[in-house]
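Just so you know, ligand 1 is whichever comes first in the structure, and atom 1 is the first atom listed for that ligand.
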Amino acid sequence: VNLDDTIVAISSAVGVAARMVIRASGPDCGRILRELCGESPAIESTATAYPCAIHLSEKIEFPAWVWRFCAPRSYTGQDLIELHIPGNPLLARLVVEKFQQLGARSAEPGEFTARAYFNGKMDLSQAEGVAANIAAQSSRQLNAARQLMAGELSRRLRPIMDRIAETLGLVEVGIDFSEENIEFLPAREAMGRVNSIRQELEKLISESARFAKLSHEPAVVLAGRPNAGKSTLTNALSGRGRSIVSATAGTTRDALSAEIWLARGMARVIDIAGWEETAADEISRQMQQQAQRAIESADVLVWVRDVTDRRPMPTLPRGADLFVASKIDLGKIELIASNEIGISALNDLNMDQLLRELDRLAFGSESDGAALALSARHIRAIEEAIEALGEAADHAELGTELLAADLREALDILGQILGVVTPDDVLGKIFATFCIGK
Ligand SMILES: Nc1nc2c(ncn2[C@@H]2O[C@H](COP(=O)(O)OP(=O)(O)OP(=O)(O)O)[C@@H](O)[C@H]2O)c(=O)[nH]1
Ligand SMILES: [Mg+2]
């Protein structure tokens with residue numbers, strides 16, 4: 001990665017907008033600014049914004065605002081400028097071309113944030129937080145991204161890494177003095193330390209949410225006996241008449257999904273075939289298999305029961321998260337069980353309460369939202385570190401050299417999460433997920 005040239009990109013979204021932002025970072029920013037807008041004392045001040053006129057050619061001149069941040073006090077840690085110009089995509093492209101004529105190069109996706117990382121402005125998990133923040137589609141994802149950006153993962157990992165480093169230090173001193181027969185860290189104590197560090201890492205994983213889980217729309221599966229009112233409920237929730245509704249049991253065959261907006265983000269309701277204990281023929285057997293798969297992979301499983309249906313609930317592949325008694329407009333409210341929400345999708349009874357419950361189940365309670373979210377990369381690294389520590393515990397009795405090697409490995413792997421020692425290809429992948437201009 002070349003960090004020494006000057007990069008430029010359109011930072012605002014694609015399409016028409018009131019204003020557009022062009023961002024540049026690198027040592028030539030000051031010079032380019034002078035050539036574009038003329039001399040100004042503001043060019044040398046640390047952080048400032050001022051209006052200027054940009055001359056692209058003899059015929060094209062227009063007003064702009066310059067945001068100037070001098071190194072090292074900028075997002076990238078380098079000299080950085082942002083030009084806020086009238087929202088015209090053509091103009092923006094011409095400005096970028098002008099920058100290129102004056103010696104700047106087009107930025108790669110994520111290159112501004114990559115520079116921030118290489119200049120020590122943030123660690124790798126924080127940089128990932130920047131990308132996640134841009135991609136977030138629910139308030140839950142935004143929360144998780146904000147935590148990463150704020151360095152929450154480093155805050156939790158650092159003390160654990162410090163403990164590994166400290167143990168490693170003691171083991172290494174022991175190796176140096178092994179001739180003298182002084183024991184700095186008896187094998188038993190080393191094993192105790194390693195095991196307790198391992199437990200902390202396991203706790204970090206178990207207490208954290210999964211980014212992957214946050215980044216897909218939670219699937220709310222509506223299961224229930226034929227004719228329970230699942231399709232009617234799907235239509236009411238999604239505000240669309242996609243699912244066919246009829247008084248004939250067994251109307252829905254293929255599972256159908258529709259988007260619904262809950263208070264904290266978008267989810268997907270999945271309307272499946274009515275649950276039957278015994279399948280009469282090949283088609284219904286396939287329908288039941290499909291329904292079963294949907295039930296198994298549901299993020300939120302809702303069991304819908306016609307309030308007048310007194311049959312006991314069948315055994316499902318997994319327990320339901322929410323129980324709904326439907327069609328309460330039929331007047332049998334005394335039949336609603338204590339763990340059920342009674343609703344009428346047809347007459348809009350209690351639907352608000354149902355939506356609130358779905359929001360809570362799909363996106364977690366507010367306090368869950370505070371959980372740190374880990375990406376697949378983080379989890380993989382933590383698990384590898386746990387494995388290395390497991391070997392360290394096994395090797396503690398065998399010899400200090402082996403133990404030291406295992407500890408060093410665990411430390412290296414955890415370091416990769418924060419980007420202390422991260423191979424180039426991992427970096428490339430992370431920053432390539434960014435948009436250009438960030
Ligand atoms: N009175 C009343 N009838 C309802 C309500 N919801 C659904 N129904 C009726 O119940 C019948 C079955 O509704 P569906 O939504 O097709 O039921 P389903 O669970 O999708 O049925 P299958 O797809 O066959 O498993 C239809 O005649 C609906 O009009 C309700 O809230 N009140
Ligand atoms: Mg149906």
Judged by modelled atom types alone, do Ser284 and Asp281 share a side-chain donor-acceptor pair under 3.5 Å? yes
State whether the shortest distance between N or O atoms of Asp271 and N or O atoms of ligand 1 falls below 3.5 angstrom. no
Any Lys/Arg nitrogen of Arg380 or Glu384 sitting under 4.0 Å from an Asp/Glu carboxylate oxygen of the other? no
Mind running side chain to side chain contact (heavy atoms under 4.5 Å, CB included) on Val302 and Leu358 for me, showing each step along the way? CA-CA 9 Å; Val302 182; Leu358 289 179; 3.9 Å; yes
Thr252 and Ser231 side chains, donor-acceptor separation under 3.5 Å: yes
Distance filter under 4.0 Å to Gly274 heavy atoms, resulting ligand 1 atoms: 25 (O)
Nearest protein heavy atom with distance in Å, relative to atom 8 (N) of ligand 1: Lys327 CE, 3.6 Å
Return yes when at least one N/O/S atom of Thr232 is nearer than 2.8 Å to the Mg ion (ligand 2), and no when none is. no
Heavy atom of the protein closest to atom 25 (O) of ligand 1 (residue, atom name, distance): Lys230 NZ, 2.9 Å
Single hit among Ile341, Val304, Leu222 for side chain to side chain contact (heavy atoms under 4.5 Å, CB included) with Ser326: Val304
Among protein heavy atoms, which lies nearest atom 21 (O) of ligand 1, and at what distance? Asn227 N, 3.0 Å
Starting from atom 17 (O) of ligand 1, locate the nearest protein heavy atom and write down its residue, its atom name and how far away it is, to 0.1 Å. Gly229 N, 3.1 Å
Ligand 1 atoms in contact with Thr248 (distance to a heavy atom under 4.0 Å): 24 (O)
Would you say ligand 1 has an N or O under 3.5 Å from any N or O of Leu346? yes
Provide, to 0.1 Å, the distance between atom 29 (O) of ligand 1 and the closest protein heavy atom, together with that atom's residue and name. Val245 CG1, 3.8 Å
Regarding ligand 1, does Thr252 bring an N or O atom to under 3.5 Å of one of the ligand's N or O atoms? yes
Interatomic spacing from CD1 in Ile295 to CG in Leu316 - rounded to 0.5 Å: 5.0 Å
Under a 4.0 Å N-O cut-off, is there an ion pair linking Glu277 with Arg311? no
Any N/O of Pro226 closer than 3.5 Å to an N/O of ligand 1? no
Between Thr252 and the Mg ion (ligand 2), is there a contact where an N/O/S atom of the residue lies under 2.8 Å from the metal? yes
Proximal ligand 1 atoms for Leu330, defined as those under 4.0 Å from one of its heavy atoms: 1 (N)
Classify the side-chain pair Gln290/Gln286 by whether it contains a donor and acceptor separated by less than 3.5 Å. no
Provide the number and element of each atom of ligand 1 under 4.0 Å from a heavy atom of Thr232. 6 (N), 7 (C), 13 (O), 14 (P), 15 (O), 28 (C)
Do Leu346 and Lys327 come within less than 4.5 Å of each other through their side chains, counting heavy atoms only? no
Salt bridge or not between Glu357 and Arg360? Use side-chain N to carboxylate O under 4.0 Å. yes
Could you tell me whether Ser344 approaches ligand 1 through its side chain, its backbone, both or neither, with non-hydrogen atoms closer than 4.0 Å? both
Polar side chain donor-acceptor pair, Arg73 to Thr46, under 3.5 angstrom: no
My understanding is that we take every heavy atom of each candidate and find the minimum distance to atom 26 (C) of ligand 1. Doing that for Ala273, Ala291, Ser246, which one comes out nearest? Ser246
One residue to check: Asp329. Relative to ligand 1, which of side chain, backbone, both or neither has a non-hydrogen atom less than 4.0 Å away? side chain
Relative to the heavy atoms of Ala345, which atoms of ligand 1 are at a distance of less than 4.0 Å? 31 (O)
Numbered atoms and elements of ligand 1 in range of Ala249, under 4.0 angstrom, heavy atoms: 24 (O)
Mind checking whether Glu108 and Ile7 have side chains closer than 4.5 Å, heavy atoms only? no
Between Ile244 and ligand 1, does any nitrogen or oxygen pair lie at a separation below 3.5 Å? no
May I ask you to decide whether Arg115 forms a salt bridge with Asp79, counting only side-chain N to carboxylate O separations under 4.0 Å? no
